[in-house]
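Beneath this line is the structure, given in structure tokens, with notes to follow.
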Amino acid sequence: MQLDIIYNHNEVIVKNMEDFEPQHIFECGQSFRWNREIDGSYTGIAYKKILNVKKIDRDIIFKNTNKKEFNEIWMEYFDLNTDYKIIKKEISKDDPIMKKAIDFGNGIRILKQEPWETIASFIISANNNIPRIKKTVEILSENYGDYLGQYNDIDRYAFPDVKTIAGLTPEELKSSGIGYRASYIIKTAQMIVDEPIDLCKLQKLDIKKCEKSLLQYHGVGPKVAHCILFFCIGQMEAFPVDTWVKRVMEYFYFKEETKPKVIQEFATKKYGKYAGYAQQYLFYYARELNIGKK
DNA sequence: CCCCAGGCAGTTA
DNA sequence: TAACTGCCTGGG
């Protein structure tokens, strides 16, 4: 698979890109820092960079970037070297439900996100709703993140550094609307400052050991751990079971109340090394169509 | 207004 | 180790 890339001034275009639908990528719930603009493009922040993404016909236009940055950051971030056709085929064989879910979320790509931001964001996501998670992450960034400049006349801020958060008190953090998760985030930040995350090391561990090490963080349980495994460590057989996935799996496969752990083990067996992708298609499908909700 | 949200930690049996 | 409970906060 060879990408057809054009590098312009402050802009990179990938021609005839397969399996890339901005709306599905940014609104499938994997990331909390991308917002839709009036023209249908999305502006977001990652790795202390501001980027705008727009799809025109079959081309993807990446604005506010350049060749060097694109190759160093965004290629991997957008998982552009992965052929989603193979994944889709693998997880949907003999599974009409998964075929439907994939058809619905056809252009989803899994973003390779930063470890600390992913950990903190998904700690915040617990017992919370997506609009509020996004708002909290935004306020956190405005209050404690680096100022990155303006884009489309709006001030943009990076997600706060782990050291900054580690130095705060829960009382200070609570002004960001983070609620009782403030103490979780701070404790976890302090753990990470004391022992920085070694991504390479984590990637080499088998998923069980990797999960176990993540569960040591405060505010990280099985669901959040699997989100971290999948969205930033690259353990693609992870399978986060949240309320939506639980409901949709019960509705389609189990036909009865089933414990998250049972669902997760079932999915790992059923979908194998691409289980995480299956989870993301299912989650998006279920949430958008309200499947399984009473 | 009340209900609840992409769970988790802490506490009991 | 399984089951139960309370939880900041604000969107819907």
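Numbered from 1 within each chain, the chains take letters A, B, ... in sequence-line order. Keep in mind it's a predicted model, so treat the numbers as computed, not measured.
Aromatic ring centres of A/Phe266 and A/Phe239 lie farther apart than the 6.0 Å criterion allows.
Shown here, B/dA5 forms a base pair with C/dT9; the pair counts as Watson-Crick or G-U wobble because both key distances fall under 3.5 Å.
Rounded to an integer number of Å, the gap from NZ of A/Lys187 to C1' of B/dC8 is 12 Å. Rounded to an integer number of Å, the gap from A/Glu257 CD to C/dA3 C1' is 13 Å. Here C/dC8 presents its P atom at 18 Å from CD1 of A/Ile139, a figure rounded to the nearest Å. As a whole-Å value, the separation of A/Gln216 CD from B/dC8 P is 15 Å. In this structure, the CG atom of A/Asn290 is 11 Å from the P atom of B/dA5, given to the nearest Å. The distance between atom CD1 of A/Ile185 and atom P of B/dG7, rounded to the nearest whole Å, is 15 Å. Atom CZ of A/Arg247 is separated from atom C1' of B/dC4 by 10 Å (rounded to the nearest Å). For A/Ile186 and B/dC8, the CD1 to P distance is 19 Å, given to the nearest whole Å.
Using a 4.0 Å cut-off between charged nitrogen and carboxylate oxygen, A/Lys68 and A/Glu72 count as a salt-bridge pair. A salt bridge links A/Lys246 to A/Glu257: one of the charged nitrogens lies within less than 4.0 Å of a carboxylate oxygen.
Residue-to-nucleotide proximity on DNA chain C shows that, of A/Lys259 and A/Tyr184, the 5′-proximal contact is made by A/Lys259. Remark on DNA chain B: of its neighbouring residues A/Pro240 and A/His218, the 5'-side contact belongs to A/Pro240, judged by nearest-heavy-atom nucleotide.
Using a 4.0 Å heavy-atom distance criterion, A/Val241 is classed as making no nucleic acid contact. Note on A/Gln279: nothing from the nucleic acid sits closer than 4.0 angstrom, heavy atoms only.
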Using a cutoff of under 3.5 Å, can you pull out all pairs of nitrogen or oxygen atoms linking the protein to nucleotides 9-12 of chain C, with atom names and distances?
from   : atom 1 : to       : atom 2 : distance (Å)
C/dT9  : O2     : A/Arg132 : NE     : 3.0
C/dT9  : O2     : A/Arg132 : NH2    : 3.1
C/dG11 : OP1    : A/Lys135 : NZ     : 3.1

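No side-chain donor-acceptor contact under 3.5 Å links A/Glu117 and A/Ser121.
Residues A/Glu27 and A/Tyr42 have side chains in contact (heavy-atom distance under 4.5 Å, counting atoms from C-beta outward).
None of A/Phe32, A/Tyr217, A/Trp116, A/Tyr184 except one satisfies the ring-ring contact (aromatic ring centres under 6.0 Å, His included) rule with A/Phe122; the exception is A/Phe32.
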